[in-house]
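Before any comments, here is the structure.
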Amino acid sequence: MKPNFVQKVTNWGNFPVVEKEMKSDDSFDKIKDFILTHNEVIARGNGRCYGDASLGESIFSTKKLNKFISFDRLNGIIECESGVLLSEVLEISVPQGYFLYVTPGTKFVSVGGAIASDVHGKNHHAEGCFSEYVIEFKLMIENGEIITCSREENSEKFWATIGGMGLTGIILSAKFKLKNIESAYIRQESIKADNLDEIFKLFEESENWTYNVAWIDCLQTGKNIGKSILMRGEHAFPHELPQNLKEKPLRLKKKFEPTVPFYFPGFVLNKFTVKVFNLLYFKKQTKKEIKNIVDYETFFYPLDVVNDWNKIYGKSGFIQYQMVIPKEKGKEGMKKILETISRSGNGSFLAVLKLFGKNNPEAYNSFPMEGYTLALDFRVNSKLKMLIGKLDDIVQEFGGRIYLTKDSMSKSSLTNYLRNIQNSKFVSLQHKRIINNNQGS
Amino acid sequence: MIVLGSTSEVAQAFVEKALQEGEKFEKIYLFTSNKETTERFARHIDVKFLQQSEIIELDLTKEIDYNVFENINSTLLFCAIGYLGEGTKEGLYDNKNTQRIIEINYSKLIPVINYFAHKFENRRSGTIIGLSSVAGDRGRQSNFIYGSAKAAFTAYLSGLRNYLFDKKVHVITIKPGFMATKMTEGLPLNPKLTASPKQAADCIYKAFKKQKNIAYVLPVWSVIMMIIRNIPEFIFKKLKL
Ligand SMILES: Cc1cc2nc3c(=O)[nH]c(=O)nc-3n(C[C@H](O)[C@H](O)[C@H](O)COP(=O)(O)OP(=O)(O)OC[C@H]3O[C@@H](n4cnc5c(N)ncnc54)[C@H](O)[C@@H]3O)c2cc1C
């Protein structure tokens, strides 16, 4: 048997699925070889981007670059290879009293993927993107050379790579700062909002909280549009914890993790089931306001509890549509978007609203800009393309943009904001699609 | 713990599993022919588990200086050394290939294990875990040079277990079926029959805790191999396996 590295590859949304060459190795010489002997290469971390960003003609998976390099426990500075997952970082850092400054809604993303997408969390308004805490990283460029990039050294490459979607090279390792925590728990408040006006008011009142996020019921119509629950949180101090947690405030109890065993048939997820889900979700909270203490996993990664939950969307897959609309027009834009979705009947299981703070102008390839951002899951079906077209028009009208790491079918004028990445070696299917669309229009 | 073949993904996953489960080792001795990669692993377990380790170069194709091993003491030896080489179709009549396969999987390896087995015997305690292969259960046309070396290794482990039994040293034979490792990357393996290094490590750790004698990594392999072993020779010789 001779090896043949061509295989089916797809990312979190199971759409699109491609058959391409994919290889992984932990030897830098072999990675160099891979780059030099292939025409078009793209790095892939843990495939948690939803669409086609980490797919390409020849894919290099960083799965085997999975080693820690150093951990300065005094100053909370960690260095690891790029395939290390954020979950693995937390595993060793939390018991030592350190947390990630910025984390996305799943902990199963690689450090390389976090830099390449310059991910944001529920605290963007307060603490910015992942890149703010990156000290330096090592990048393998098109000739196989390894360069160190930081704010001082190779700084153009540093900033082009941040949010650069893998188009500048392969990140091999990175060094970044962690934040001090005194417990593994979050002091949380959940507040129900009956409509858009209320939720926007709540967001503005909550700007002093470190973490803010809202879940929206997308099937509401009329005056109920924007019905949602805002969740805000702070890292809890040990004295705020209930007695049974005070003893070991930095340890979590092990939980049972259910797994979705197979792809759900497509009909399971329809307007009706989404409605029931949202009803249950929102009815669960009967009080207007709940204050409690939850562990960090429950607060930051509620979806990670169910392994492979993406399979509930069936074999045809799903997309996530995440856009940002500048703050002044935020409410008006969101209203239009939610109305369009509710009219389409194409219900979204999951709709998450957040408020972004000011962006860092140096990280020019990063997605966030000051404004409201909404992320919606849609099952792929024949009517979806039309709905996305309509939503894209609204985003455009309000001067917003689409998050590249979730994109797989949006208008290229909303996703072509990357600069300084011209490179014929590192090419993704996404980038090709965007460029081709540009030329077509 | 003594690890022979430290760049093996299964060996590394086993070390991590043991440390995660709270096993304590004064030091981990990482034997390897690839210092660079092993250094990365040594740093990794230091960062992750504050585990001390030492790297010892071991190249089975060269002369071995046993004096270097003198001060190494442990109660657990994990041997993951293995070399697949070319299959029989490409490599049967290539003597270099044949020799390398036999040396690395068997003839040069055994004296090294014997050296440490002797130490274990003198101390009257310890466990030796050896990764053999289902390929050693019956010679098949596709890779019987490798298979025969592994068969010899399996027989060696079985005899060693028998010999050391009343000396309070236990020997475990692990027979992984297909594994998703560097050795097999890019081969069209059936995912249901293929274990990840982590899965393999979990299973091996269980076998270690239960002091099993022989363990297949995925249970289905014990069934498959039982069938393969029991096909009558006059039929087996005609099969394309
Ligand atoms: C449930 C869920 C919730 C999420 N929530 C959020 C959120 O709240 N905020 C947010 O910002 N994102 C969120 N995401 C998106 C996710 O954080 C990003 O897509 C992230 O980049 C995925 O990392 P990955 O390791 O899986 O990379 P992949 O998906 O494999 O790749 C993503 C991009 O990074 C590039 N890349 C990966 N590794 C390297 C490397 N070593 N060198 C160079 N380029 C590389 C790829 O080429 C690709 O362009 C969420 C995703 C999921 C599934």
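Chain A is the first sequence line, chain B the second, and so forth, proteins listed ahead of strands; every chain is numbered from 1.
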Heavy-atom count check: over 12 atoms from other residues, nucleotides or ligands less than 6.0 Å from [X] [atom1]?
X        : atom1 : value
A/Asn39  : CG    : no
A/Lys425 : NZ    : yes
B/Glu233 : CD    : yes
B/Lys48  : NZ    : yes
B/Lys35  : NZ    : no
A/Lys20  : NZ    : yes
B/Gln211 : CD    : yes

Problem set entry | Residue among B/Glu36, B/Lys89, B/Arg43 with most heavy-atom pairs under 4.5 Å to chain A |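 Ranked by contacts with chain A, first place is B/Arg43.
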With a 4.5 angstrom heavy-atom cut-off, could you sort out which part of [X] is near chain A: side chain, backbone, both or neither?
X       : value
B/Glu39 : neither
B/Glu86 : side chain
B/Thr88 : neither
B/Phe49 : neither

For this session: Report yes if some heavy atom in the side chain of B/Thr37 is under 4.5 Å from a heavy atom in the side chain of A/Lys67; otherwise report no.
Result: no
For this session: Report the C-alpha distance between B/Lys182 and A/Asp26 in whole Å, list the side-chain angles of each, state the deciding distance to 0.1 Å, and finish with yes or no for side-chain contact (heavy atoms from CB on, under 4.5 Å).
Result: CA-CA 10 Å; B/Lys182 275 177 247 175; A/Asp26 62 356; 3.8 Å; yes
Exercise. What do the steps show when you test A/Asn66 against B/Arg40 for side-chain contact (heavy atoms from CB on, under 4.5 Å), and what is the final call?
Worked result: CA-CA 10 Å; A/Asn66 57 1; B/Arg40 276 155 71 185; over 6 Å; no
For this session: Measure the spacing between OG of A/Ser27 and CG of B/Asn34 and express it to the nearest 0.5 Å.
Result: 8.0 Å
Problem set entry | Residue-level interface, residues 77-97 of chain A with chain B, non-hydrogen cut-off under 4.5 Å |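 Residues in range: A/Glu81, A/Glu91, A/Ile92.
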Exercise. Under the ring pair (Phe, Tyr, Trp, His ring centres under 6.0 Å) rule, what pairs show up with a residue in residues 221-241 of chain B, not counting sequence neighbours?
Worked result: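 Output for this query lists B/Phe178-B/Trp221.
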Exercise. Does the B/Glu185 side chain pair with the main chain of A/Ser24, one donor and one acceptor, at a distance under 3.5 Å?
Worked result: yes
Exercise. Relative to chain B, which segment of A/Lys64 carries a heavy atom at a distance below 4.5 Å: side chain, backbone, both, or neither?
Worked result: side chain
